**Q** 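Dropping the structure in here first, questions after.
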Amino acid sequence: MAEITKSYESRDVEKKWYAAWQAAGCFAGKVDPQAQAYSIAIPPPNVTGVLTMGHVLNNTIQDILIRRARLEGKSALWLPGTDHAGIATQTVVERQLRKDKKTRHDFGREKFVEKVWEWREEKGGIILEQLRRLGASCDWNRTQFTMDEHYSKAVLEVFVKLFERGHIYRGKRMVNWCPASQTALSDEEVIMKPVNGTIYRVRYELTERPGEFIEVKTTRPETIPGDVAIAVHPDDPRYTALIGKTVWRPLNRAAIPIIADAAVDKEFGSGALKITPAHDKVDCEVGARHKLPIIDVLNADGTLNAFAGAELAGLDRFAGRKKAAELLKESGALVAEEAYANNVGYSERADVPIEPRLTWQWWLRYPRVEEAKAAVRDRHIKFYPERWSKVYLHWLENIQDWCISRQLWWGHRIPVWYRKGLDKETLVETDLRDPQKIHISLAGPADPENWVQEDDVLDTWASSWLWPFATLGWPDAEKMRASGYDYFYPTSTLVTGPDIIFFWVARMIMAGLEFTHPGEPLEKRIPFKNVYFTGIIRDQQGRKMSKSLGNSPDPLDLINSYGADGLRFGIISIAPQGQDIRFQEDRIEGGKNFCNKLWNASRFRQMSGEMADNSSIAVIVARLDGAKFDADDHAILDRLFAVTREVDRCFAEFEFSAAVQALYGFFWNDFCDWYVEVSKSKLQSPDTKPNCLAIQDLVLRQTLLLLHPFIPFITEELWSLLGYGAAGSFLMRDARIEDASHWVMAIGARGVLLDQTQAATVENVKVFVSQARALKADHQLASRRDVRFFVTTTDAAWTILEASLGKIIRMAGAVEILRKVSVDGAPAVVTPLGTLYLDLASTVDAGAEKVRLAKELEQLAKHIAGTEARLGNEAFVSKAPAAVLEGARKQLADQRAKRDELTRLLKALG
RNA sequence: GGACCUUUAGCUCAGUUGGUUAGAGCGUUUCGUUGACAUCGAAAAGGUCACUGGUUCGAGUCCAGUAAGGUCCA
């Protein structure tokens, strides 16, 4: 067997095992009727994406779940893929074209889409390669892309079906228009941002009474040429007399009416509102109520058009705003400019202010809204943390129709054809149902020469909402059979960020309910049973990590410095369930250090004695010798089973950081700092050595199993180096994790019964050793190994000490520890196992020693007072549970005994 | 305006149903390379659990309110 080197070098190990796992097909998700299915569909990263810390956290958690499921004997599938990300990808390619001074229009639709595919072949999906570095055990043979032929068919079929079922309609409505990418956006893609801008007070002159004005406030003077009325509240006495009169529009001068509408806020500004139906949602509604014309003064790209008037036409909207203000000033219409803070909607992708714009779009009335609510409310789908279900339900309560069309070229082109020569502007709802005018199908019309296809594509989310089942072959029966749709759907767990709860999670639930397993119960149609929401990773200042801020470390750099396992362990250890995470690189370093600790403890085992057959639990257990068990042996196995149970609990409740912390504490403190140290005595005696090594083998084996989901590479390597697996087998694929009760039974069958009482004595021995060390340190002897201690104690306590004396002497750095009836004048410390004296009477500074003891006595007195007060309280004694009461009494007795001993020591010093 | 989250050691955070003297990592101080590991070991210092009230024999934990910071929705 290969020798374990002095330090763990992650790089080669990671490369070696990842290649080996892949070559052996360890990641393949297979239908196995004998085993329970466990499946996860990856949240498909954008095809343009590169790995961020958010991805690291998210995908590490998924890998943890998948690997744990494998160890539990489940048949696990982690399905990977990427999202075509309409706007993002189109923007990337357009930016590239711009370098050659070209636009997509220079190529035309077909050629441009070809270019995007070329880009994707060449540069897309880098992130999937990066996930491999992280150790992600995805079934790469199943990698999917939302624009794959099969997937596209699913998307278009869903469109056709939803249209047939009456959920889809075409309508001219106010949409969120992004002038940068020149497409409509859904409400979810608009981010409200507070903006410090200017509000303009503008006066409109009454046509019939020159010199009299009505004043309005607006943040958008450039849209004044689009004003078609001034509205006032019908109950506003200031304006009652003016309703029905007209005013002069101050830009692109024309007479417009003063109308009354209850939507006007009397308290805002002067109480009068300019009505610009083309550029504001409320105005549009007011305009419709009053049958006012619509004057659109903006082009699709956000520049002003001819309707804005000669002076403004051609200007960008922001330049136009300035110019409009100047023109108003010149004409005397501008009363004042005031600083003004308001919320402005920005395009999520392009980060420019959106324009409300009246356009024809395709809309979806969501299906299965009530069922989607019930699924989460009734816990068929469980959210972790649970509180996000409230956010989810609130959104569904107030759900609005979804604008699913996008004016892009990269995406799923909507499968709608219009009869040639038809005026799309005049189509009404009934025309959509007229096959002479509109053709809607997957295959397209039989006589394509007579038809023109819809230019728009679908919103990217209108493809990704099918992800959990379209990736399993839906709706193609043959593909569904081949990919195990019936076996793996519903998927087990979705791991994602709460920021896409509306974009994606809610929509997937509705899609799953609508399209999968028709007619069957809800539990079979939901797309996943659990949803785990990760926190957001922030920098030290608490800001979101983002490319533009440059505050996000490159995960690949971190992998190079700390290893993939170190990164995984570190990130999980700082990611409590549902809380945002403040990134600290030193925690990643801590992950690396832990790996090194694990490595070296294994190395110690290898150096301590011949490796015996470790290939199964049975053969290791067979080497245990119950007769040779001492308190430490009982204690370490007791702790091992406790941590096994704790990790079980953590997985059941999705508490990964708690699991990692429990394992860290167990392995570092209980095993390395104590058991390995006491082993050094036990290993010197041929009598205790074999049993001690067998226990180490058991502990290491179980620790590797428990840790594997978190740190897969190093555990696989050590599993192999310590001989736990048969040749050609893998921890990740072939090993099975045993629960604590299985262990208790296994060692019980060997005649070893865990003795809790003995195990408990170890805690006192630890305190004893610790206090002995502290006593040395107090007297500047910490580094000496030749100190003599005396102890005065009871027979019972001495029995415990005597049983471990060799180990204690070694651990405390003593030459000997002698029991005495009484000791005078030596520095002492009161431990749970008796009073411990340092044999240095001659050199003791009695004064300092008295100060030290007095301080301790003082603190103890406070505790005693507190305990006495509690026990003296009649209410406490009569109402507290017996166990608590008994505990308090025992505590008081111990505290008093210690006080008496300290008092005696103090007196002895004079 | 509505909803939710956070506030515990110098820093970042744990703290499960209320019950001994509130924990961890990092940082700090002192000591240490005795053959697993200096990516380490030992010892130590460090907290009015944001504030105010309430419930309770007992509150970091439950309830109400206040303040500060943050997120989402409108």
Side-chain angles (χ1 to χ4, degrees), chain A residues 4-8 187-188 191-192 343 385 387-388 390-391 393-395 397-398 498-499 501-502 535-536 538 540 542-544 562-563 566 570 573-576 578-587 589-608 646 649-650 653 655 657-658 661-662 664-665 668-669 672-673 676-677 679-680 769-778 780-785 810-813 859-860 862-864 866-867 869-881 883-892 894-895:
Chain A
I4 298 178
T5 54
K6 188 167 174 179
S7 70
Y8 174 58
D187 294 342
E188 287 71 29
I191 312 288
M192 298 307 284
N343 281 321
R387 66 186 150 84
W388 290 112
K390 205 168 170 179
V391 176
L393 289 170
H394 182 256
W395 184 74
E397 292 294 341
N398 300 285
D499 49 333
I501 194 165
F502 311 137
I536 293 164
R538 299 175 177 282
Q540 301 275 28
R543 300 172 304 178
K544 250 185 181 174
Y562 306 110
S573 73
I574 52 175
Q579 273 335 114
D580 285 0
I581 296 130
R582 216 164 274 221
F583 181 74
Q584 279 180 292
E585 191 161 328
D586 57 17
R587 295 297 290 262
E589 193 180 350
K592 180 191 180 185
N593 293 350
F594 181 77
C595 290
N596 193 60
K597 192 73 177 174
L598 183 64
W599 186 259
N600 272 290
S602 303
R603 181 166 185 256
F604 174 78
R605 164 61 191 93
Q606 199 185 49
M607 290 165 69
S608 297
E646 170 66 1
R649 185 194 69 78
C650 290
E653 292 168 29
E655 289 185 14
S657 70
Q661 278 159 24
Y664 183 100
W668 204 301
N669 304 127
C672 293
D673 289 348
V676 167
E677 290 306 319
S679 292
K680 287 173 182 172
V769 167
S770 182
Q771 288 187 283
R773 287 163 171 169
L775 197 56
K776 282 169 67 184
D778 274 342
Q780 281 73 48
L781 295 168
S783 53
R784 294 281 289 271
R785 313 286 306 159
R810 188 190 166 95
M811 302 277 274
Q859 282 200 335
L860 190 60
K862 279 186 204 158
H863 296 314
I864 289 174
T867 316
R870 264 193 322 144
L871 283 165
N873 185 339
E874 178 54 37
F876 173 71
V877 177
S878 59
K879 291 188 182 176
V884 171
L885 201 56
E886 194 190 330
R889 285 188 176 129
K890 168 141 189 353
Q891 184 197 344
L892 184 60
D894 291 348
Q895 285 171 340

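In the text below, chain A, chain B and the rest are named by the order of the sequence lines, each starting its count at 1. Because the structure is a prediction, the values reported are computed rather than measured.
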**Q** Quote, to the nearest angstrom, the P distance that separates B:C63 from B:U55.
**A**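 Per the computed distance, 16 Å lies between those P atoms.
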**Q** Take N1-N3 plus N6-O4 or O6-N4 for Watson-Crick, N1-O2 plus O6-N3 for G-U, both under 3.5 Å. Which runs of 3 or more such pairs involve RNA chain B?
**A**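 Stems (3+ consecutive pairs) listed as B:1-7 with B:67-73, B:10-13 with B:23-26, B:28-32 with B:40-44, B:50-54 with B:62-66.
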**Q** Under 4.0 Å, counting only non-hydrogen atoms across every strand here, what does A:Lys890 touch: a base, just sugar-phosphate, or nothing?
**A**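 No contact at all - A:Lys890 keeps every heavy atom at 4.0 Å or more from the nucleic acid.
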**Q** Which part of the nucleic acid, if any, lies within contact of A:Ser657, taking any heavy atom under 4.0 Å across all strands shown: a base, the sugar-phosphate backbone alone, or nothing?
**A**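 Here A:Ser657 touches no strand at all.
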**Q** Kindly give the heavy-atom pair with the smallest separation between A:Ser573 and A:Gln661, and that separation in Å.
**A**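 Looking at all heavy atoms of both residues, the shortest contact is O-NE2, 3.2 Å.
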**Q** Which atom pair, heavy atoms only, marks the closest approach of A:Arg889 to A:Val877?
**A**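 Looking at all heavy atoms of both residues, the shortest contact is NH2-CG1, 4.0 Å.
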**Q** For A:Glu653, does the CD atom sit with more than 12 other heavy atoms under 6.0 Å from it, leaving out its own atoms?
**A**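 Result for CD/A:Glu653: enclosed.
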**Q** Identify the heavy atoms of A:Ile574 and A:Arg582 that sit nearest to each other, and give their distance.
**A**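 Heavy-atom minimum between the residues: CD1-O, 4.2 Å.
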**Q** Rounded to whole angstrom, note down the C1' distance from B:A68 over to B:U30.
**A**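 Roughly 39 Å separates the two C1' atoms.
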**Q** Report which part of the nucleic acid A:Arg387 touches: base, sugar-phosphate, or nothing (heavy-atom distance under 4.0 Å, all strands).
**A**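 The answer is sugar-phosphate, as A:Arg387 gets under 4.0 Å only of primed atoms, P, OP1 or OP2.
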**Q** Using the P atom as the point on both nucleotides, what is the distance between B:U6 and B:C13, in whole Å?
**A**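 Straight-line distance between the two P atoms is 12 Å.
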**Q** Please state the C1' separation for the pair B:A9 and B:U52 - nearest whole angstrom.
**A**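 Looking at atom C1' only, B:A9 and B:U52 are 24 Å apart.
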**Q** Got A:Lys776 and A:Arg773 here, is their nearest side-chain heavy-atom distance under 4.5 Å?
**A**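 Not touching, per the 4.5 Å side-chain cut-off.
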**Q** When the P atoms of B:U34 and B:C51 are compared, how many Å lie between them, rounded to an integer?
**A**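 Taking atom P in both B:C51 and B:U34, they lie 49 Å apart.
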**Q** What interatomic distance, in whole Å, is found between C1' of B:U39 and the corresponding atom of B:A44?
**A**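 My reading of the C1' atoms in B:A44 and B:U39 gives 23 Å.
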**Q** Select from A:Asp673 and A:Phe604 the residue whose nearest nucleotide in RNA chain B is closer to the 5' end of that strand.
**A**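 By nearest-heavy-atom nucleotide position, the 5'-most residue is A:Phe604.
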**Q** Return the minimal non-hydrogen interatomic distance between A:Cys595 and A:Gly566, and the atom names on each side.
**A**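 Residues A:Cys595 and A:Gly566, closest heavy atoms: SG-N, 4.1 Å.
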**Q** On RNA chain B, check which nucleotide each of A:Gln771 and A:Met192 is closest to and give me the residue with the more 5' one.
**A**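 Closer to the 5' end of RNA chain B: A:Gln771.
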**Q** Distance between the P atoms of B:G65 and B:C5, in whole angstroms?
**A**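 Rounded to whole Å, the distance is 14 Å.
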**Q** When we call it a touch if two heavy atoms are under 4.0 Å apart, what does A:Gln661 touch: a base, just sugar-phosphate, or nothing?
**A**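 The residue A:Gln661 makes sugar-phosphate contact but no base contact.
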**Q** In whole Å, measure the gap between the P atoms of B:A59 and B:A50 for me.
**A**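 The same atom, P, in both gives a distance of 15 Å.
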**Q** Using a 4.0 Å heavy-atom cut-off, does A:Ala601 contact any base of the nucleic acid, only the sugar-phosphate backbone, or nothing at all?
**A**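 Base contact.
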**Q** Taking heavy atoms of chain A and a 4.0 Å limit, find me the 5'-most and 3'-most nucleotide of RNA chain B within that range.
**A**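 Footprint of chain A along RNA chain B, 5' to 3': B:A3 to B:A74.
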**Q** Which is true for A:Glu677 with a 4.0 Å heavy-atom rule: it touches a base, it touches only sugar-phosphate, or it touches nothing?
**A**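 Base, at least one base heavy atom under 4.0 Å.
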**Q** Does A:Lys680 qualify as a cation-pi partner of A:Phe604, given the criterion of NZ or CZ under 6.0 Å from the six-membered ring centre and within 45 degrees of its axis?
**A**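 Yes, a cation-pi geometry holds between A:Lys680 and A:Phe604.
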**Q** Can you classify the ring geometry of A:Trp599 versus A:Tyr8 as parallel (below 30°), tilted (30 to 60°) or perpendicular (above 60°)?
**A**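 Correct class here is tilted.
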**Q** Counting the atoms with a prime plus P, OP1 and OP2 as sugar-phosphate, which does A:Asp894 contact under 4.0 Å by heavy atoms, base, sugar-phosphate, or nothing?
**A**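 Counting heavy atoms under 4.0 Å across all strands, no contact is made by A:Asp894.
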**Q** Reckon A:Lys390 touches a base, only the sugar-phosphate, or nothing at all at heavy-atom distances under 4.0 Å?
**A**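 Answer is sugar-phosphate: A:Lys390 comes under 4.0 Å of backbone atoms only.
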**Q** Reckon A:Val676 touches a base, only the sugar-phosphate, or nothing at all at heavy-atom distances under 4.0 Å?
**A**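 It contacts base atoms.
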**Q** Measure across A:Pro576 and A:Ser657 and return the closest heavy-atom pair with its distance rounded to 0.1 Å.
**A**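 What the structure gives for the nearest pair is CA-OG, 3.4 Å.
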**Q** Does any non-hydrogen side-chain atom of A:Leu892 lie less than 4.5 Å from one of A:Gln895?
**A**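 Yes, their side chains come closer than 4.5 Å.
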**Q** If we only count heavy atoms from C-beta on, is the A:Leu885 to A:Leu871 side-chain gap below 4.5 Å?
**A**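 With C-beta onward as the side chain, the pair touches.
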**Q** Just call it for A:Phe502: base, sugar-phosphate, or nothing, with non-hydrogen atoms closer than 4.0 Å on any strand.
**A**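 Result for A:Phe502 = sugar-phosphate.
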**Q** Remember a base hit wins even if backbone is also touched, and classify A:Pro576 as base, sugar-phosphate or nothing at under 4.0 Å, heavy atoms.
**A**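 The residue A:Pro576 makes sugar-phosphate contact but no base contact.
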**Q** Base, sugar-phosphate alone, or nothing: which one does A:Cys595 contact when heavy atoms must sit under 4.0 Å apart?
**A**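 Touches nothing.
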